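Note sheet for the following structure.
Since the model is a prediction, treat every value here as computed from it, not as a measurement.
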Amino acid sequence: MSVGSAAPKPGGPGVRTGRAAGPGRASSRVRRAFQDGAPGALVLRMVARWFRRPLLPAVRLWRRNIQLRVVASTLLMSLGVVLLLGLVVIGQVRNGLLDAKEQAALSQAAGGFAAAQDKASGPVALGGPDGDATDGLPGRGAVNWRSELVKQLASGGQGAYHVVALSPDSDDAGTSRSPRASGDVDVTSIPEALRGSVAQGTGTFQTYAGIRYSVAKDSEAGLVVGKRLNDVEGNAYELYYLFPLTQEEESLNLVKGTLATAGLFVVVLLGAIAWLVVRQVVTPVRMAAGIAERLSAGSLHERMKVTGEDDIARLGEAFNKMAQNLQHKIQQLEELSRMQRRFVSDVSHELRTPLTTVRMAADVIHEARSDFDPVTARSAELLGDQLDRFESLLSDLLEISRFDAGAAALEAEPIDLREVVRRVIGGAEPLAECKGTRIRVVGDEQPVVAEADARRIERVLRNLVVNAVEHGEGRDVVVQLAAARGAVAVAVRDYGVGLKPGEATRVFNRFWRADPARARTTGGTGLGLSIAVEDARLHGGWLQAWGEAGGGSQFRLTLPRTAGEPLRGSPIPLEPEDSRRARQRAAADMANEGALRLATVPAQPGADRSPLPARAPLPPHTPPSATVDPAALPGSGARVVARRAGERPGEGETTTPGRIPEREDTTRGR
């Protein structure tokens with residue numbers, strides 16, 4: 001038969017060694033560094049906590065206040081709509097202003113280009129005091145022609161535009177082909193790309209560029225329009241009109257300011273409207289939540305204030321009616337429970353007087369059974385046994401009535417659970433010898449100390465051990481002790497009939513039996529596990545059950561080391577490592593590990609391709625020292641694994657060192 005072993009510890013089945021490095025392996029190392037408390041991990045945790053601490057109040061307020069979330073969402077969505085609308089409007093206004101400016105600039109420039117061409121085609125005054133031409137050279141009038149042209153063209157728009165004349169081949173100052181500009185404009189304001197387009201084409205070209213000045217004046221954006229023309233001497237030159245966009249920028253800034261002010265006003269207005277609307281809905285909900293909390297705390301007279309006839313008012317009326325019905329039902333149940341507890345307590349006390357008389361008479365008859373015939377003697381023995389059971393039932397009923405009435409008191413003091421376990425096993429040894437069961441203790445090498453009531457803990461463990469021996473079908477019973485961090489645990493494992501699916505959650509019910517068809521001729525009163533789970537709760541601990549049909553069961557008692565401290569885990573997992581599912585998972589992990597190792601072995605050039613010889617099976621993994629196993633967390637408190645149809649306990653299982661093969665189980669139910 002299969003014998004239980006120590007509880008799985010970190011590094012047991014499911015923890016594989018010798019794996020190739022990879023992203024998953026690196027992430028596991030990072031997690032392990034955080035769990036093991038490495039210095040770097042501690043620093044990172046401290047930094048994260050330092051950054052997170054100021055945000056916790058805001059996050060808590062955001063999660064708890066639905067009105068804040070609705071108003072904030074409304075503001076954000078409104079702001080997004082206003083921004084999108086503002087961008088569209090500003091884009092339309094900017095395009096309209098630029099189109100109008102461009103049309104006006106092209107019209108103005110076309111007139112200037114025509115006037116310049118007409119002036120170049122007219123007669124040039126040569127000779128005279130200012131225009132004498134000798135030796136075939138042009139006179140000074142021809143030299144100043146381009147300056148006069150720029151001055152004449154720029155005189156029509158003071159501040160509205162500027163005129164620049166450039167020569168593509170020479171920019172020498174003092175000659176007739178040197179640059180000419182009006183309004184102190186720097187000739188470098190003309191982009192080189194535009195100059196190239198004008199020099200190569202015959203039409204009109206325009207572009208947007210910054211207008212710079214040769215004096216202490218800020219540059220400004222502008223539209224540059226240019227065209228190639230011929231001067232009075234028939235030489236080609238470039239004439240440019242520069243239109244500043246100052247007025248358009250001022251108009252666009254005015255539109256932006258107006259939109260920003262209006263958008264901000266709209267967003268604030270929408271936020272206020274959302275706050276008022278949500279407040280009308282949230283206030284009754286908050287009132288209902290507060291009244292519901294007070295109702296759950298025991299103030300059954302609380303009611304909502306109902307005004308109006310809308311949906312909120314209907315909700316309040318329905319809530320008040322529900323609270324009234326609940327109050328009536330709870331009062332009925334409390335009265336019924338009070339009567340039941342009083343009845344159980346009164347019956348238990350009243351039965352003790354006649355039971356004492358019957359016990360005295362039964363003891364007299366039992367002592368004289370040697371003088372009776374065999375049938376009467378056997379009846380005297382049965383009478384004594386049933387009286388013992390009757391007394392135990394009365395004691396359990398009294399204890400249950402104390403728990404129901406809330407009168408159970410805890411007398412906690414530091415105790416070593418190893419001593420309690422030894423006393424319990426010593427008391428259960430006669431029954432174990434009668435059943436042919438061997439009780440083994442695992443994990444008693446170190447002290448297992450906790451603040452607990454020794455009498456109640458001994459009663460819990462006695463119940464668990466006796467049940468394991470009675471239902472263990474003569475197989476070994478393993479009692480395991482462990483302690484880690486702030487918790488201690490005792491697990492009792494048997495390899496008997498086990499628990500069917502769904503029975504682990506009902507096994508703690510009063511007078512519950514796994515097989516109702518079987519008469520209760522042996523065992524306790526049916527209240528043992530109910531009293532045990534109440535004792536565990538009185539200590540602030542857990543009493544949980546696990547089982548699989550035909551594979552035995554395990555009951556785990558977890559207690560805090562210090563009375564009153566909350567539990568965060570158990571040192572012993574609820575499902576033992578020798579369960580059927582755990583063995584299958586370990587076998588699958590071992591197979592995956594072998595496949596991974598074969599897949600990560602690189603092929604060697606020229607190596608022998610002959611089949612590999614069969615390898616010997618890997619030795620069983622020895623788990624390291626015990627710490628809190630994540631699998632030991634409470635969960636639902638009961639786990640049951642069903643046996644597949646037609647499967648025996650020993651089928652598909654191998655014998656490992658220190659473990660005896662299971663025998664066939666012929667008993668069903670519990």
Side-chain angles (χ1 to χ4, degrees), residues 45 48-86 260-338 404-406 505 537-538 540-542 560 564-569 633-637:
R45 281 202 297 269
R49 192 180 298 112
W50 185 76
F51 279 104
R52 186 176 56 185
R53 186 179 294 113
L55 300 177
L56 288 179
V59 172
R60 189 179 298 110
L61 180 62
W62 175 266
R63 295 176 60 182
R64 294 173 62 93
N65 196 324
I66 187 174
Q67 185 175 6
L68 175 62
R69 293 203 301 270
V70 172
V71 173
S73 302
T74 303
L75 288 176
L76 290 177
M77 290 187 292
S78 302
L79 183 61
V81 171
V82 169
L83 288 177
L84 181 61
L85 182 62
T261 303
L264 181 61
F265 177 75
V266 169
V267 169
V268 173
L269 182 61
L270 290 176
I273 294 174
W275 183 81
L276 291 175
V277 172
V278 175
R279 185 174 181 272
Q280 294 180 0
V281 179
V282 171
T283 300
V285 174
R286 287 177 178 173
M287 185 185 303
I291 294 175
E293 291 177 355
R294 291 191 290 272
L295 284 173
S296 64
S299 301
L300 301 179
H301 61 279
E302 293 287 342
R303 297 293 184 271
M304 284 187 63
K305 182 179 180 181
V306 179
T307 56
E309 298 178 357
D310 55 5
D311 295 335
I312 300 298
R314 292 171 55 194
L315 174 63
E317 293 176 357
F319 185 89
N320 291 338
K321 186 178 298 184
M322 178 190 66
Q324 183 177 359
N325 294 334
L326 284 176
Q327 181 182 10
H328 181 64
K329 293 295 183 182
I330 290 174
Q331 288 176 351
Q332 288 183 345
L333 292 175
E334 287 180 349
E335 184 64 25
L336 180 61
S337 177
R338 191 179 302 111
D404 292 341
T505 56
R537 291 171 182 170
L538 189 61
W542 308 325
E565 291 293 329
L567 287 176
R568 295 181 177 86
L633 294 177
S636 63

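- In this structure, CG on L333 lies 8.0 Å from NZ on K329, to the nearest 0.5 angstrom.
- The number of heavy-atom neighbours closer than 6.0 Å to CZ of R279, taken from other residues, nucleotides and ligands shown, is 12 or below.
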Report, one line per pair, each donor and acceptor closer than 3.5 Å where one atom sits in a side chain of residues 297-307; sequence neighbours left out.
unit_1 : atom_1 : unit_2 : atom_2 : d
E302   : OE1    : R294   : NE     : 3.4
R303   : NH1    : L300   : O      : 2.8
R303   : NH2    : Q327   : OE1    : 2.7

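- For E309, the CD atom is loosely surrounded, since the number of other residues' heavy atoms within 6.0 Å does not exceed 12.
- The line from CG of N320 to CG of N325 is 11.0 Å long, rounded to the nearest 0.5 Å.
- The two residues G540 and P560 come nearest to each other via the heavy atoms O-CD, 3.9 Å.
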Name each donor-acceptor pair under 3.5 Å that joins a side chain in residues 70-81 to protein atoms two or more places apart or in another chain, with its distance.
unit_1 : atom_1 : unit_2 : atom_2 : d
S73    : OG     : R69    : O      : 2.7
T74    : OG1    : V70    : O      : 2.8
S78    : OG     : T74    : O      : 2.7

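- Put simply, the side chain of T283 never gets that close to the backbone of Q280: no donor and acceptor are under 3.5 Å apart.
- Heavy-atom minimum distance, G263 versus V82: CA-CG1, 3.4 Å.
- Note that the CZ atom of R60 and the CG atom of N65 stand 13.5 Å from one another [nearest 0.5 Å].
- For I66, the CD1 atom is loosely surrounded, since the number of other residues' heavy atoms within 6.0 Å does not exceed 12.
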key: Residues Q332, H328; criterion side-chain hydrogen bond (donor to acceptor under 3.5 Å, both in side chains); working and verdict   = CA-CA 6 Å; Q332 288 183 345; H328 181 64; 2.8 Å; yes

